[in-house]
Amino acid sequence: MNSGLARSIADLSNRWRNRFLPFRGPRPGRDISGAARAARNWPADSCARNGYKILYRNFNGRSGGEIDIVCRDRDTLVFVEVKTRTREDFGRPIACGRSSKSNKRISRGGLNWLRMLDNPDILFRFDVVEVIIAEDASPRLELIKNAFPLSKPYIY
């Protein structure tokens, strides 16, 4: 990947971070336990182990849409959605989130991110991290690359 492009993406994301997402710390009266804090970092850690560079977490665009994790995988911008379930009785987590409404929300968030970067000519894709937290076993994480395409009404 062109190092200048990577640097400009990082500079723009740092510059626009406060404009798009206000600080969201713990709500007053709520304490986040160490286990819950660690569980919140599992998907990002999984992405980092797969060679992704984490750029941003919990992005909410001004015109709607949200992205759980924004990453870079070599020369590709990756928008990651995290799907968490406690069991697989009704199917895998990715099967539960395949609604067109959910994909449109994620697609809109990805397009907002690209608009923030002045619509660069770069590759992007949508990945999903499945987190299955069973009561009697250790958590299982699986990264699914290119899980779904850009939703129908949107083009880039």
Side-chain angles (χ1 to χ4, degrees), residues 1-3 5-6 8-10 12-14 16-17 20-21 24 32-117 119-156:
M1 178 175 171
N2 182 344
S3 64
L5 178 61
S8 70
I9 290 172
L12 283 171
S13 64
N14 288 334
W16 290 90
R17 179 169 295 164
F20 282 91
L21 183 67
R24 291 198 175 162
I32 298 176
S33 69
R37 188 172 289 128
R40 189 185 316 173
N41 292 328
W42 289 338
D45 293 343
S46 174
C47 291
R49 277 193 305 274
N50 282 293
Y52 292 12
K53 167 82 169 127
I54 308 296
L55 300 175
Y56 201 81
R57 295 184 193 190
N58 300 325
F59 173 76
N60 289 313
R62 284 186 179 228
S63 61
E66 63 182 56
I67 303 291
D68 293 331
I69 305 170
V70 180
C71 310
R72 192 184 71 214
D73 181 23
R74 296 189 188 122
D75 62 343
T76 304
L77 190 61
V78 182
F79 303 109
V80 179
E81 174 69 9
V82 178
K83 300 287 184 186
T84 306
R85 299 290 180 267
T86 55
R87 57 186 181 192
E88 293 182 276
D89 294 348
F90 301 106
R92 294 178 58 187
I94 191 168
C96 299
R98 286 243 170 131
S99 70
S100 63
K101 185 177 181 181
S102 173
N103 289 353
K104 284 181 185 177
R105 177 182 46 81
I106 299 163
S107 294
R108 190 170 43 244
L111 290 175
N112 280 327
W113 183 273
L114 292 168
R115 195 173 305 123
M116 180 181 74
L117 299 175
N119 296 320
D121 187 22
I122 59 173
L123 298 172
F124 66 93
R125 70 172 187 252
F126 298 94
D127 291 358
V128 171
V129 173
E130 290 183 327
V131 182
I132 301 168
I133 306 171
E135 292 178 18
D136 55 349
S138 61
R140 195 174 84 220
L141 283 86
E142 185 174 344
L143 175 68
I144 301 167
K145 294 184 177 186
N146 210 6
F148 59 90
L150 187 65
S151 292
K152 281 288 185 198
Y154 304 115
I155 56 172
Y156 186 77

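Computed from a prediction, not measured in an experiment: that's the story for all the values here.
Residues Pro120 and Leu117 come closest through the heavy atom pair CD-O, 3.5 Å. Heavy atoms only, all atoms of each residue included: Ile54 and Ala44 are closest at CD1-O, 3.8 Å. Between Pro139 and Trp42, the closest heavy-atom pair is CG-CH2, 3.3 Å. The heavy-atom pair separating Ser107 from Phe148 by the smallest distance is OG-CE1, 4.5 Å. For the pair Val129 and Val80, the tightest heavy-atom approach, listed with the atom from each and the gap, is CG2-CG1, 3.6 Å.
Here the CZ atom belonging to Arg140 is positioned 12.5 Å from the OG atom belonging to Ser46, to the nearest 0.5 angstrom. Here the CZ-CG distance, from Arg125 to Asp73, works out to 4.5 Å after rounding to the nearest 0.5 Å.
Aromatic pair Trp113/Tyr56: ring centres closer than 6.0 Å.
Side-chain contact between Tyr52 and Asp127 is present, with at least one heavy-atom pair separated by less than 4.5 Å. Looking only at side-chain heavy atoms (C-beta outward), Leu114 and Phe79 come within less than 4.5 Å of each other. Side-chain contact between Arg57 and Asn41 is present, with at least one heavy-atom pair separated by less than 4.5 Å. With contacts defined as side-chain heavy-atom distances shorter than 4.5 Å, the pair Ile106/Ile67 qualifies.
Using modelled atom types, one side-chain atom of Asn112 and one backbone atom of Gly64 make a donor-acceptor pair closer than 3.5 Å.
With sequence neighbours excluded, the residues that form a side-chain contact (heavy atoms from CB on, under 4.5 Å) with Lys53 are Leu55, Arg72. Evaluation of the side chain to side chain donor-acceptor pair (under 3.5 Å) rule for Asp68 yields no partner, not counting sequence neighbours.
Salt bridge status for Lys83 with Glu81: present, with a side-chain N to carboxylate O gap under 4.0 Å.
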